[in-house]
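Below is one structure, written out as structure tokens; the observations come after it.
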There are 2 protein chains.
Amino acid sequence: MKTKAEPRDKCEGSDMDEARVRGAQERLIDGLTATRLAQTFKALSDPTRVRIISALSHDELCVHELAACLGMSQSAISHQLRTLREMRLVRFRKEGRHVYYALDDEHIHDLFNQGLEHVEHD
Amino acid sequence: MKTKAEPRDKCEGSDMDEARVRGAQERLIDGLTATRLAQTFKALSDPTRVRIISALSHDELCVHELAACLGMSQSAISHQLRTLREMRLVRFRKEGRHVYYALDDEHIHDLFNQGLEHVEHD
DNA sequence: GTAATATATGAATAACTGTTCATACAATCA
DNA sequence: TGATTGTATGAACAGTTATTCATATATTAC
């Protein structure tokens, strides 16, 4: 369906490689998926939240323990946990006055480690 | 090393489960790693950038093609490509007047797909 | 040289984010 | 009941971000 023999020389108007653009467009994720995906990554885009995920990677912890662990205020941690909760990266269970947080599933652990590999492997 | 028989009842001061907190603290990634990791995820935390990654997932594209593909201005795309470049999520090669962008490596593809799985699997 | 094309970038602006502070809610204990 | 402890949340503030617009740089064609 390509009308030009020359593979790629012009981007302007109808002279750009339309086949390649159409191919990319067909694979392109839709706007809603892009937004959801971006939100998931956004939940992991803050050092404090990444450290929370890291702290929860082995065992659940309650809010106060997380605050002590990270050396931050209970309020700051609680606000960030809300973000992580809303993005379904963590789940929680209540036990008396405490609320114990844990990673939502193994998927989160994988995502975290995949990112870590990229960072450590430079 | 645990001094309390009761597993978890108090979070206040020295009465919280210190063993669990220490354990979490030992596993906790350091501040620099947390910042770098957060930056990597942040590069993927915008719908436009996610769509760019998606568009590049099969073949390289030049800036103008990306703009056409996403229906956005050249300037907006160029600004976002800069972010992706700085985070080493994309690489580029110059060919004449054109600059062709591609995913930096398979790692990026994996990271993208891992996130996509999480989103689609609800 | 001039014109056209492809890309990059600084400034400006509106929208968003993370923390602190104060306070509210909830559960336990005296 | 009132006091204490654990957690959540609204407001405010400083800092950041994504887009647009105008413009600069760079390469090619004439």
Side-chain angles (χ1 to χ4, degrees), chain A residues 6 8-17 21 31 34-35 38-39 41-52 60-87 90-101, chain B residues 6 8-17 20-21 31 34-35 38-39 41-52 60-87 90-102:
Chain A
E6 206 177 32
R8 54 181 68 131
D9 244 327
K10 285 204 173 181
C11 280
E12 187 260 344
S14 56
D15 282 341
M16 74 173 83
D17 191 334
V21 172
T35 299
Q39 282 175 336
F41 286 123
K42 179 167 281 180
L44 292 164
S45 72
D46 175 77
T48 298
R49 290 195 293 271
V50 163
R51 290 169 77 216
I52 289 175
E60 62 178 7
L61 291 171
C62 71
V63 180
H64 216 84
E65 288 172 336
L66 273 170
C69 198
L70 271 66
M72 295 181 65
S73 74
Q74 174 269 321
S75 181
I77 297 295
S78 194
H79 275 295
Q80 298 295 21
L81 283 171
R82 174 142 109 140
T83 300
L84 291 171
R85 237 162 44 212
E86 285 171 354
M87 297 303 169
V90 300
R91 57 183 157 77
F92 64 97
R93 65 182 185 83
K94 298 192 178 184
E95 184 178 316
R97 284 174 287 192
H98 304 252
V99 179
Y100 285 91
Y101 283 85
Chain B
E6 204 178 34
R8 57 181 62 135
D9 244 326
K10 285 204 170 181
C11 281
E12 186 262 342
S14 56
D15 281 342
M16 73 174 81
D17 190 332
R20 201 142 41 89
V21 173
T35 299
Q39 282 176 336
F41 285 123
K42 178 167 281 180
L44 293 165
S45 72
D46 176 77
T48 298
R49 288 195 294 270
V50 163
R51 289 169 75 218
I52 290 175
E60 61 178 9
L61 291 171
C62 71
V63 180
H64 216 85
E65 289 172 335
L66 273 169
C69 198
L70 271 66
M72 294 182 65
S73 73
Q74 173 270 321
S75 181
I77 297 295
S78 194
H79 275 295
Q80 297 296 20
L81 284 171
R82 173 143 109 139
T83 301
L84 291 171
R85 237 162 43 211
E86 285 172 354
M87 296 303 170
V90 300
R91 57 182 157 77
F92 63 97
R93 65 180 185 84
K94 299 193 177 182
E95 184 178 318
R97 284 174 285 195
H98 303 254
V99 180
Y100 286 91
Y101 282 85

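Since the structure is predicted, the reported quantities are computational estimates derived from the model, not experimental observations. Throughout, protein chains are lettered first and strands after them, A, B, ... in sequence-line order, and every chain is numbered starting at 1.
Note on K94(B): every side-chain N or O is 4.0 Å or more away from OP1 and OP2 of dA6(C). For K42(A) and dT17(D), the shortest distance from a side-chain N or O to OP1 or OP2 is not below 4.0 Å. The phosphate of dT17(C) has neither OP1 nor OP2 within less than 4.0 Å of any side-chain N or O from Q80(A). Considering only side-chain N and O atoms, R82(B) lies nowhere under 4.0 angstrom from the phosphate OP1 or OP2 of dT17(D). Proximity of S78(A) to the phosphate of dT7(D): no side-chain N or O atom is located under 4.0 Å from OP1 or OP2. At the phosphate of dT17(C), neither OP1 nor OP2 sits under 4.0 Å from any side-chain N or O atom of R49(A).
If you take CG of L66(B) and P of dT19(D), they are 13 Å apart, rounded to a whole angstrom. A straight line from CZ of F41(A) to P of dT17(D) spans 18 Å, rounded to a whole angstrom. For the pair R51(B) CZ and dA18(D) P, the interatomic distance rounds to 15 Å; values are reported in whole Å. Rounded to an integer number of Å, the gap from OH of Y100(A) to P of dT7(D) is 8 Å. Across the protein-nucleic acid pair, H79(B) atom NE2 and dA12(C) atom P stand 14 Å apart, rounded to whole Å. Protein atom CD of E86(A) is 12 Å distant from nucleotide atom P of dA8(D), rounded to whole Å. F92(B) places its CZ atom 13 Å from the P atom of dT27(D), with the value rounded to the nearest Å. Residue R93(A) contributes atom CZ, which lies 16 Å from atom P of dG6(D) at whole-angstrom precision.
Once rounded to the nearest 0.5 Å, the distance linking CD of E65(B) with CD1 of I77(B) reads 12.0 Å. Within the model, atoms CD of Q80(B) and CG of L70(B) stand 10.0 Å from one another, a figure rounded to the nearest 0.5 Å. Atoms NZ and CZ, on K42(A) and R49(A) in that order, are 9.0 Å from each other to the nearest 0.5 Å. Within the model, atoms CZ of R85(A) and OG of S78(A) stand 6.5 Å from one another, a figure rounded to the nearest 0.5 Å.
Taking the side chain of R97(B) as heavy atoms from C-beta on, and the options dT5(C), dG10(D), dT9(C), the nearest nucleotide is dT5(C). For V63(A), whose side chain is taken as the heavy atoms from C-beta onward, the closest listed nucleotide among dA6(C), dA8(D), dT9(C) is dA8(D).
Looking at heavy-atom distances under 4.0 Å, T83(B) makes no contact with the nucleic acid at all. When heavy atoms are screened at a 4.0 angstrom cut-off, Y101(A) is found touching the sugar-phosphate backbone but no base atom.
Here H98(A) does not pack flat against the base of dT7(D), since the 5.5 angstrom centre distance and 30 degree tilt limits are not both met.
Along DNA chain D, the nucleotide nearest to D46(B) and the one nearest to L81(A) differ in position, and the one closer to the 5' end is contacted by L81(A). Where A76(A) and V99(B) each meet DNA chain C at their nearest nucleotide, the meeting point lying more 5' is that of V99(B).
Taking the six-membered ring where tryptophan is involved, the planes of Y101(B) and F92(B) are tilted, since the angle between them lies from 30° to 60°.
The base of dC21(D) is paired with the side chain of S75(B) by a donor and an acceptor separated by under 3.5 Å. With hydrogens and angles left out, the side chain of Q74(B) and the base of dA8(C) share a donor-acceptor pair within 3.5 Å.
The side chain to side chain donor-acceptor pair (under 3.5 Å) test with E95(B) singles out one residue from R93(B), H98(B), R97(B), and that residue is R93(B).
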